[in-house]
Trainee: 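Got a structure for you, questions after.
Counting starts at 1 for both ligands and their atoms, in listed order.
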Amino acid sequence: MKAVVFHGIGDIRLDNLPEPRIQQPTDAIVRLTASAICGTDLHMIRGTVPGMEPGTILGHEGVGIVEAVGKDVRNLRPGDRVVIPSTIACGYCAYCRAGYYAQCDVANPNGAQAGTAFFGGPKSSGPFHGLQAEFARIPFANVGPVKLPADVSDDQAILLSDIFPTGYFGAELAEIRPGNTVAVFGCGPVGQFAIASARLLGAGRIFAVDIVPDRLERAREQGAEVIHFDGEDPVEALRRLTGGIGVDRAIDAVGVDAERPHRGPAAEEAGDKIRKFEEEVKEVAPETHPSNGNWAPGDGPSQVLHWAVQGLAKAGTLAIIGVYPESARFFPVGSAMNRNLTVKMGNCNHRKYLPHLLELVQAGVVDPASLLTKQEPLPSAIDAYRAFDKRQPGWLKVELRAA
Ligand SMILES: NC(=O)c1ccc[n+]([C@@H]2O[C@H](COP(=O)([O-])OP(=O)(O)OC[C@H]3O[C@@H](n4cnc5c(N)ncnc54)[C@H](O)[C@@H]3O)[C@@H](O)[C@H]2O)c1
Ligand SMILES: [Zn+2]
Ligand SMILES: [Zn+2]
C-alpha cells in the first residue's frame with residue numbers, strides 16, 4: 001500500500017509498504033478514504049518536535065471504512081464508515097473514564113507516565129503508524145472510532161478527527177463565557193476552529209492574530225477582528241481595541257514554530273530578543289534540515305506565549321493548544337504570575353468531544369468543510385506537504401484522498 005513515511009528531519013517520502021494486520025483483539029483495520037496534513041506533522045519534519053523513528057507512517061487524521069475487526073471489537077463491523085480520533089486511548093483506565101483520553105494510562109507502550117499516545121508521532125507517543133496511508137491498524141478500535149451518519153461527508157468528517165475537537169478543547173480550556181473578549185493567536189486550521197468554537201461558547205468579540213493574509217481573511221469571514229503582526233504590535237493593538245484592559249481569554253494555536261515579527265513596530269521590540277529566540281530554537285530543535293524554503297523551524301519559539309501573557313487582561317485565562325516539545329522551558333512565568341493569570345494547556349482529549357461535535361455538524365450548526373481548502377490525491381502528498389509548510393495562498397487545510 002502507499003503511505004507517507006518519515007525518513008528523517010526534512011525527509012518524507014511516499015513509499016510502498018505491506019498492509020497492516022490485526023495484532024490485538026481490540027484492533028481494527030481501516031481502509032482510509034481521507035486523511036489530512038496537520039501543523040503537528042510540520043513540527044516533526046522541521047525538527048522542532050524531535051524523536052521520530054525513521055520508517056514511521058505519518059498522519060493522525062483519518063476517515064475510512066472498517067475492513068476487519070478483532071474479536072473484542074463488538075461495536076463495529078466491516079463496512080462501517082468511521083472517523084478516527086488522533087489520540088489512542090483504552091477507554092477503561094481512570095483517566096479515560098474521566099474524559100482525559102490524551103492521558104490514558106494504558107495505550108502508550110512507553111508506560112503510564114509517557115504522555116499522549118497518537119498516530120504517526122515520535123517514539124515517546126508509541127510509536128504507532130499513522131493514517132496518511134491506504135490502510136491503518138487502529139488500536140483500541142472499540143473505543144476511538146466513531147461511526148458516521150450517511151449525511152456527514154468525508155470532507156466534513158476529516159476535520160472531526162483532530163482539528164475541530166482541538167479548537168473546541170482550546171476554547172473550553174480558555175474558560176470562555178458569553179460576552180468575553182478572546183484573542184486567538186494563529187489562524188491556521190487549529191486557530192480557525194478555535195475561533196469557530198469561541199463563537200459557539202458565546203464570545204463577545206474575537207481577535208485573530210497571524211501574518212498570512214488569506215488566513216487572516218478567513219478569520220475575518222468568521223467574524224473575527226484581525227491583527228497582522230508585521231503591521232502592528234499585537235499587544236498594543238489588543239489593549240487599544242479593548243479600552244486599555246486587554247482580552248479576557250487568549251488561545252495559543254501556534255506552538256513551537258512561532259515566527260517573530262520581521263517588520264513594523266513589533267519587530268523593533270522583538271529585535272532585543274533575537275539572541276534569546278536563537279537560543280530557544282537550539283534548545284528545541286538541535287537538528288534541522290531546511291531546504292528550498294521548506295522545513296525551516298519558526299524563529300520565535302516563545303513569541304506567542306509572551307504576546308498572549310501581555311495581551312491578556314489581569315486575571316485572564318490562557319489556553320495553550322499549540323504544541324511544544326518536552327525540551328521547551330521558556331514560558332514567561334513571572335509576568336503570568338504577577339498578573340494573576342490562569343494557564344491551562346495540553347493535548348486534546350479528542351474522543352470526549354467527537355460525538356457532540358459530530359451532532360453539531362449533522363445539525364448544520366457548523367460546516368467544518370468550509371475551512372477545507374485543498375483536496376489532493378494521496379500520491380501527491382509530498383508536494384501538498386511542501387505547499388502547506390510554506391503557507392502558500394489557498395493551502396489552509398489539506399485533505400489527502402484515497403486515489
Ligand atoms: N493540543 C493538541 O491536541 C493539538 C492538536 C492539533 C494541532 N495542535 C497544534 O496546533 C498548532 C497549530 O496547528 P495548525 O495545523 O493550525 O498549524 P499551522 O502551522 O497551519 O498554523 C500555525 C499558524 O500560526 C501562525 N503564526 C506563526 N507565528 C505566529 C505568531 N507569532 N503569532 C500569531 N500567529 C503566528 C502561522 O502563520 C500559521 O498560520 C500546532 O502547534 C499543532 O501542533 C495541537
Ligand atoms: Zn492534526
Ligand atoms: Zn485509558
Trainee: For atom 17 (O) of ligand 1, what is the closest protein heavy atom, and at what distance to 0.1 Å?
Mentor: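 Its nearest protein heavy-atom neighbour is Gly39 CA, 3.4 Å.
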Trainee: Which bit of Glu259 is near ligand 1, meaning a heavy atom under 4.0 Å away: side chain, backbone, both or neither?
Mentor: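 Both backbone and side chain.
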Trainee: Say whether Thr26 and Asp72, considering side chains only, have a donor N or O and an acceptor N or O under 3.5 Å apart.
Mentor: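 Short answer, no.
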Trainee: Between Glu259 and Arg391, is the closest basic N to carboxylate O distance under 4.0 Å?
Mentor: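 So Arg391 pairs with Glu259 through a salt bridge.
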Trainee: Of the backbone atoms (N, CA, C, O) and the side-chain heavy atoms from C-beta on, which set of Ala253 has a member under 4.0 Å from an atom of ligand 1: side chain, backbone, both, or neither?
Mentor: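 Within the 4.0 Å criterion, Ala253 contacts ligand 1 through backbone atoms alone.
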Trainee: Of the side chain and backbone of Thr166, name the one, both, or neither that has a heavy atom under 4.0 Å from an atom of ligand 1.
Mentor: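 Under 4.0 Å from ligand 1, Thr166 contributes side-chain atoms alone.
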Trainee: I want to confirm something. Looking only at heavy atoms, which of Arg391, His306, Arg215 is nearest to atom 20 (O) of ligand 1?
Mentor: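 Residue with the shortest heavy-atom distance to the ligand atom: Arg215.
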Trainee: Name the closest protein heavy atom to atom 6 (C) of ligand 1, giving the residue it belongs to and the distance to 0.1 Å.
Mentor: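 Ranked first by proximity to atom 6 (C) of ligand 1 is Asp162 OD2, 3.2 Å.
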Trainee: Nearest 10° is fine: what angle sits at the Zn ion (ligand 3) between SG from Cys104 and SG from Cys90?
Mentor: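 Answer comes to 100°, rounded to 10°.
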Trainee: A side-chain contact here means heavy atoms from C-beta on lying under 4.5 Å apart; do Phe169 and Tyr353 qualify?
Mentor: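 They are in side-chain contact.
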Trainee: If you measure every N/O of His350 against every N/O of ligand 1, is any gap under 3.5 Å?
Mentor: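 No; every N/O pair is 3.5 Å or more apart.
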Trainee: To which protein heavy atom is atom 33 (C) of ligand 1 closest, and what is the distance rounded to 0.1 Å?
Mentor: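 Scanning the protein heavy atoms, the shortest distance from atom 33 (C) of ligand 1 goes to Val209 O, 3.4 Å.
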Trainee: Can you tell me if Gly346 contacts ligand 1 (heavy atom of the residue under 4.0 Å from the ligand)?
Mentor: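 Judged by the 4.0 Å heavy-atom criterion, Gly346 does count as contacting ligand 1.
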Trainee: Which of the listed options, Phe169, Trp395, Phe193, Phe229, holds the heavy atom that is closest to atom 32 (N) of ligand 1?
Mentor: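 Of the listed residues, Phe229 has the closest heavy atom.
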Trainee: Please evaluate residues Leu318 and Thr342 with respect to the criterion side-chain contact (heavy atoms from CB on, under 4.5 Å), reporting the C-alpha separation (whole Å), side-chain torsions for both, the decisive distance (0.1 Å), and the verdict.
Mentor: CA-CA 6 Å; Leu318 169 60; Thr342 297; over 6 Å; no
Trainee: Just to confirm my output: which protein heavy-atom neighbour is closest to atom 10 (O) of ligand 1, and how far is it?
Mentor: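 Its nearest protein heavy-atom neighbour is Val190 CG2, 3.7 Å.
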Trainee: Please determine whether side-chain contact (heavy atoms from CB on, under 4.5 Å) holds for the pair Val30 and Ile65, giving the CA-CA distance in whole Å, both sets of side-chain angles, and the decisive distance to 0.1 Å.
Mentor: CA-CA 5 Å; Val30 170; Ile65 312 286; 5.8 Å; no
Trainee: Between Glu280 and Ser302, is there a side-chain donor-acceptor contact under 3.5 Å, judged purely by atom types and distance?
Mentor: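 Side-chain D/A pair, Ser302 to Glu280: present.
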Trainee: Considering only protein heavy atoms, which is closest to atom 25 (C) of ligand 1, and at what distance to one decimal place?
Mentor: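 So the nearest neighbour among protein heavy atoms is Asp210 OD2, 3.2 Å.
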Trainee: In the protein, what heavy atom is nearest to atom 3 (O) of ligand 1, and what distance, to one decimal place, separates them?
Mentor: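 Minimum-distance protein heavy atom for atom 3 (O) of ligand 1 reads Cys348 N, 2.7 Å.
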Trainee: Is the closest side-chain donor-acceptor distance between His289 and Asp11 under 3.5 Å?
Mentor: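 No, because no side-chain N or O of His289 sits under 3.5 Å from a partner of the opposite role on Asp11.
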Trainee: Starting from atom 42 (C) of ligand 1, what is the nearest protein heavy atom, named by residue and atom, and what distance separates them?
Mentor: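 The answer is Thr40 OG1, 3.3 Å.
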Trainee: Heavy-atom distances under 4.0 Å are what count here, so tell me which part of His43 touches ligand 1: side chain, backbone, both or neither.
Mentor: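 Just the side chain.
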Trainee: For ligand 1, which atoms have a heavy atom of Gly186 less than 4.0 angstrom away?
Mentor: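 Counting from 1, the qualifying ligand atoms are 24 (O), 33 (C), 34 (N).
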Trainee: Do Arg205 and Thr181 have side-chain atoms, one donor and one acceptor, less than 3.5 Å apart?
Mentor: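 There is no such pair between these side chains.
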Trainee: Check if Tyr324 has a non-hydrogen atom at a distance under 4.0 Å from any atom of ligand 1.
Mentor: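 Outside the 4.0 Å threshold, so no.
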Trainee: Where the Zn ion (ligand 2) is the centre, what is the OE2-to-SG angle for Glu61 and Cys38, rounded to 10°?
Mentor: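 Between OE2 of Glu61 and SG of Cys38, the angle at the Zn ion (ligand 2) is about 100°.
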Trainee: Test of understanding: given a 4.0 Å heavy-atom threshold, classify the contact between Val256 and ligand 1 as side chain, backbone, both, or neither.
Mentor: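 It is neither part, as no heavy atom is under 4.0 Å.
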Trainee: Are side-chain N/O atoms of Tyr385 and Glu376 paired as donor and acceptor at under 3.5 Å?
Mentor: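 Short answer, no.
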Trainee: Pull out every atom of ligand 1 sitting under 4.0 Å from any heavy atom of Val304, numbered as shown with elements.
Mentor: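 Contacts of ligand 1 toward Val304, numbered from 1: 30 (C), 31 (N), 32 (N).
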Trainee: Do Asn75 and Asn142 have side-chain N/O donor and acceptor atoms under 3.5 Å apart?
Mentor: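 Distance-only check fails for Asn75 and Asn142.
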Trainee: Give the contacting part of Arg260 toward ligand 1: side chain, backbone, both or neither, where contact means a heavy-atom distance below 4.0 Å.
Mentor: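 No part of Arg260 comes within reach of ligand 1.
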Trainee: Within less than 2.8 Å of the Zn ion (ligand 2), any N, O or S from Asp162?
Mentor: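 Looking at Asp162, which is the residue asked about, there is an N, O or S atom under 2.8 Å from the Zn ion (ligand 2).
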Trainee: Pro189 heavy atoms, cut-off 4.0 Å: which ligand 1 atoms fall inside?
Mentor: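 Going through ligand 1 atom by atom, the ones under 4.0 Å from Pro189 are 14 (P), 15 (O), 16 (O), 20 (O).
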Trainee: In plain terms, say whether Asp155 and Arg401 are close enough for a salt bridge, that is, a side-chain N and a carboxylate O under 4.0 Å apart.
Mentor: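 A salt bridge is present here (some side-chain N lies under 4.0 Å from a carboxylate O).
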Trainee: Side chain, backbone, both or neither: which part of Val212 comes within less than 4.0 Å of ligand 1 when only heavy atoms are counted?
Mentor: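 The answer is the side chain of Val212.
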Trainee: Could an N or O of ligand 1 be found under 3.5 Å from any N or O of Val323, whether backbone or side chain?
Mentor: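 Yes.
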Trainee: Quick check: Ile321 and ligand 1, any N/O pair under 3.5 Å apart?
Mentor: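 Between Ile321 and ligand 1, an N or O pair is found under 3.5 Å apart.
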Trainee: For Phe388, which part has a heavy atom under 4.0 Å from ligand 1: side chain, backbone, both, or neither?
Mentor: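 Side chain only.
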Trainee: Just which atoms of ligand 1 are under 4.0 Å from any heavy atom in Ala258?
Mentor: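 Taking each heavy atom of Ala258 in turn, ligand 1 has 28 (N) under 4.0 Å.
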Trainee: Specify the protein heavy atom at minimum distance from atom 35 (C) of ligand 1: its residue, its atom name, and the distance to 0.1 Å.
Mentor: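 Its nearest protein heavy-atom neighbour is Val254 CG2, 3.6 Å.
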Trainee: To the nearest 0.5 Å, tell me how far Asp252 CG sits from Ile321 CD1.
Mentor: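 Atom-to-atom, Asp252:CG and Ile321:CD1 are 7.5 Å apart.
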Trainee: Is Gly300 close enough to touch ligand 1? Criterion: a residue heavy atom under 4.0 Å from a ligand atom.
Mentor: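 Judged by the 4.0 Å heavy-atom criterion, Gly300 does not count as contacting ligand 1.
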